[in-house]
Structures are given as structure tokens and as C-alpha cells.
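Some notes on the structure that comes next.
Counting starts at 1 for both ligands and their atoms, in listed order. We use all heavy atoms of the structure for the numbers below, so side chains are in, but hydrogens, waters and symmetry mates are not.
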Amino acid sequence: MLSLSVVVIDDDASQRNILSGFLVKAGCSVISCENGTQCIDKVRKQYVDVVITDFRMPGMDGLEVLKKVKDINPEIQVILMTAYGTVEDAVEAMKNGAWDYLSKPVDLDELELKLKKVADHNSLVKENQLLKSQIKSESIITNFIYKSESIEEVLNLVARVSDSNASVLIQGESGTGKEMIAKAIHQASPRKDKPFVAVNCAAIPETLFESELFGHEKGAFTGAHQRTKGRFEIAEGGTIFLDEVADIPLQFQVKLLRVIQEREFQRLGSPQIIKSDIRILSATNKNMQKLVEEEMFRADLFFRLNVIPITIPPLRKRREDIPELVEYFIKKHSRINRRDVSAISTEGLDVLLKYDYPGNVRELENIIERAVILARNQVITRDDLPIFSAVSSSLTLNESMPARVEHLEKILIAEAMQNAHGVQTKAAELLGISERVLRYKLGKYEIS
Ligand SMILES: Nc1ncnc2c1ncn2[C@@H]1O[C@H](COP(=O)(O)OP(=O)(O)OP(=O)(O)O)[C@@H](O)[C@H]1O
Ligand SMILES: [Mg+2]
């Protein structure tokens, strides 16, 4: 069965009927037209796989039909029917992108064979498109490790918004993977071969925002020795990632809003208006709604940036991701540090599963990196997570605040002592406390 949608054009009614009847029997859905204009009308309005058209007709001829159809949708295949002997017509048609031609009177078996080829071709094209979209989402999934449904949902959303140009605001605590998600959106978007430019808004001094983002001309301000491109110009055609977006100074927010709305900007000190085609992604670990309510962030800019909100939950709310992340990071850091560590003991993993990770995935990765380096053999044990395991099991949200502060303090002091190789002066310096206070706390927590 040929399940194709076919338009048949012939000014000769009996020819049309023979063809249509045959095609319907072969399983096609058929629209029959007596001239090219009718056909173009249909093609504009509904989905069509193939157009079979007579070459010589009053009004629009076959070649014109071919060109118009291809203009509307190049994926529609056109087969021309030529009277016996007009080879030049056929050649001309093929040059203009016709799929094939048939000589009149039409051999119906031959027609069926040619349509079968179109059907095969179309299913191949579809398969390819599917494969491509799978590769796209796989590349996100292979480096974004997860098991939880909440992250699955985040990645589904990523896949759905990637194709569009909509601004996305990614919210989540520090170390949850906001930048990874931003890169994944860019990679899966049609802009993937253009630049991805990340701007850390918290790191730019207030006075330099405009020149950093939009660039400046030579002499635009003291110290502007040469014309410099801003991040927007560098990112042209691609994606700009405004990281720590909550830290954009209020006075600059209005300028950014205007650029987003008008899709054009000027270098500082230049009258030239530069058109800009850029996708804007942003991220923050702050509560933006609250900042808007407190008038620390402009509501209008917030709405522009937050067309699609994506929230990444903290690691402690998706503990089921921990084992996979641990396994992934063990492999990664064994490889990087040329160690032979390949697993973690059940007790070790237990400790990691109970911890709350204020620094989220980044903190977990640091813990594993350290354990891989310190591990005494191929399997990381609880003892390879020393400072951590001593206190982490009681470091849960059930504890009172002062108790948790004490635990954290103990971890930090022990860590500083380790980093300072037991030299108290140095450890006190690392912690930013006096040596006298350090000695007192060492005694209190019984750290040697
Ligand atoms: N699901 C994950 N799979 C693998 N690695 C991850 C995952 N989530 C985060 N990471 C790793 O954790 C670290 C922090 O990720 P990222 O920089 O994207 O977080 P962030 O939310 O932007 O953090 P911050 O708020 O501190 O800027 C990176 O090294 C990243 O590779
Ligand atoms: Mg980040």
C-alpha cells in the first residue's frame, strides 16, 4: 500500500479519472485538479507528498507548477507527464528539481514503482530527522547525569524549548548545574554552530557593564584605547548566557531591556546602530520574584527574561541521583588523576546519601575528587571520606541550628588543619581567625 497524499493535475478529465482511480486503489489519498492554480491553492492549505502534473496545459504549464510547488514546500516531490518525444521538456523539468517524469500514455505499473520510491525516500528522511533529534537529546543526557523524575522533567523541557528563540531563566541553588543546562539548550538549538557567550554579571564592575556587553569605540572613556567588541557583538547569531543575572545593576537593567525589545544596540561612543540576533538565556540562585517585589530588579526585564522558567531542584531533594553521580565522578576523577579507583563501599555511599549538600552537585564532585585521590585502594571506603563521615551523618535538617553551625565549624577547622599540614598559624590564617581562638576550638572539638 502506498500511503501517500497525491495531487493529480490534468486538463483532460478522462485522464484525470483513470489516474485518480488507480491511485486510490493503490492506497493514496488523491486530490484531482484540472489546472495548476487549483493545485497551488491546495498545496498551500494542506499536507501533500507528491504532485503529478501534465506538462502541456492551458494556463500554468507543468514547469511553472513545479517551480511554485517547490517554492511553497521543497519536500513535495513533483512528477511530470510529457507527451511522447518531448525529451527536452523532461530534461528541463529534472533540472528544476522534478522527482521524475513519465511519458504519455502513462504506464500505470511504472507510475506505481515511481511512487513507491517517493514513499521509501520520505520514510528515510523522517527516520533521519528522528535520529538527529535523538542524537541532540542524547548529547545533553550523556553528560548530564541523573535518575530522578524531577531532572527528567527539566531535560524534557530543555528539549522542547531548544528549537525556539524564547528567553529562558534557569533558577536553582549554587552548583545544581544551571550552566550545564544553559549549554545544553544552546547545543540542542539551531544556533549550536554559532557562539555561546557566558557573561558573569556578578563579576563585572557596575561602571563597565555597558562597554562589556555592547562594546566601545576608541576614546569612548578614559582607558578605552581601542575599539572593542562587546559580548553581544561576539555572540551574534548565537546565544548569550547572563549568569548571576540578579546582579545586573538597576541602572543598567533599563538599557538591557531596551536592547532586548528593539533587538539592536550601540557601542559606547558610537552613533552606529547594530542589529542583533541573539538568544538570551539567564541564570540565578537568587529568588527573582522576591527581588522584583523589593524593587531590586525591574519587573519588565524579569518578564522578558523569564518567558520560560526552568527550576533545577537542589541535590538533597533528589537523592536518587546521588549514586549515579558518585559513579560518574569516580570514573571521571580516576581518569583525570590516573588512579585505579573504580567503586565506593556501601557504607561510604550511605554517608554520601545522608548528607545535605549545600553546594549541591559541585560539592559532591569535590568530595569524590578528594576521595579518589586519597583512597587507599580501588574501592573508596567510609574512611576515605574522613572529615566528612565524622559529622555528616548528624548533619541533617532535623538538628537545631546551633548544633548544625557547630558541625560545620568542626568540618571547616579540620579541613583547614589538613590543608595547613597541621601548622596552627597557617590554619588560623586560612580560617581568618586568631590562633588563640583556633586553639580554643581545637580543644573544644577535640581535633588534633
Ligand atoms: N547532573 C549533573 N551531571 C554531571 N555533572 C553535573 C551535574 N550537575 C552539575 N554538575 C557539575 O557540577 C558543577 C556545577 O555545575 P554548574 O556550573 O552548571 O552549576 P551552577 O548551577 O551554574 O552553579 P553556580 O550557581 O555555582 O554558578 C560542574 O562541574 C558540573 O559539571
Ligand atoms: Mg553557574
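Atom 1 (N) of ligand 1 has as its closest protein heavy atom Ile145 O, 2.9 Å. Closest protein heavy atom to atom 19 (O) of ligand 1: Gly177 N, 3.1 Å. Nearest non-hydrogen protein atom to atom 22 (O) of ligand 1 is Glu179 N, 3.2 Å. Shortest contact from atom 4 (C) of ligand 1 to any protein heavy atom: Asn143 O, 3.6 Å. The nearest protein atom to atom 20 (P) of ligand 1, hydrogens excluded, is given as Lys178 N, 3.4 Å; this is a heavy-atom distance. Looking only at heavy atoms of the protein, atom 14 (C) of ligand 1 is closest to Arg362 NH2, 3.7 Å.
Residue contacts with ligand 1: Phe144 is included, with a non-hydrogen atom under 4.0 Å away.
Contacts of Leu325 with ligand 1, taken as heavy-atom pairs under 4.0 Å, involve the side chain alone. Proximity of Phe329 to ligand 1, defined as any heavy-atom pair under 4.0 Å, is confined to the side chain (atoms from C-beta onward).
Checking only distances, Ser174 does come within under 3.5 Å of ligand 1, N or O to N or O. Taking any N or O of Gly175, backbone or side chain, at least one lies under 3.5 Å from an N or O belonging to ligand 1.
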Given Arg316 and Asn360, is the side chain to side chain donor-acceptor pair (under 3.5 Å) satisfied, shown in steps? CA-CA 8 Å; Arg316 65 181 169 280; Asn360 292 290; 4.7 Å; no
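Every side chain to side chain contact (heavy atoms under 4.5 Å, CB included) that Ser150 has, sequence neighbours left out, goes to Ser148, Pro313, Arg318. For Asp49, the side-chain hydrogen bond (donor to acceptor under 3.5 Å, both in side chains) partners two or more places apart in sequence, or in a different chain, are Tyr47, Asn122.
The backbone N or O of Val245 sits nowhere less than 3.5 Å from a side-chain atom of Thr284 that would complete a donor-acceptor pair. Lys229 contributes no side-chain N or O that, together with a main-chain N or O of Glu233, makes up a donor-acceptor pair within less than 3.5 Å.
The pair Asp321-Lys147 does not count as a salt bridge, with every side-chain nitrogen at least 4.0 angstrom from each carboxylate oxygen.
Among Glu365, Arg370, Arg339, the one residue that satisfies the side chain to side chain donor-acceptor pair (under 3.5 Å) test with His333 is Glu365.
Rounding to the nearest 0.5 angstrom, the gap separating the CD atom in Glu173 from the CD atom in Glu363 is 11.0 Å.
The residue among Lys147, Lys183, Glu365 with a heavy atom at the shortest distance from atom 29 (O) of ligand 1 is Glu365. Around atom 6 (C) of ligand 1, the closest heavy atom drawn from Lys286, Met180, Arg318 belongs to Met180.
For Tyr440, the OH atom sits in a loose shell: 12 or fewer heavy atoms of surrounding residues, nucleotides or ligands are nearer than 6.0 Å.
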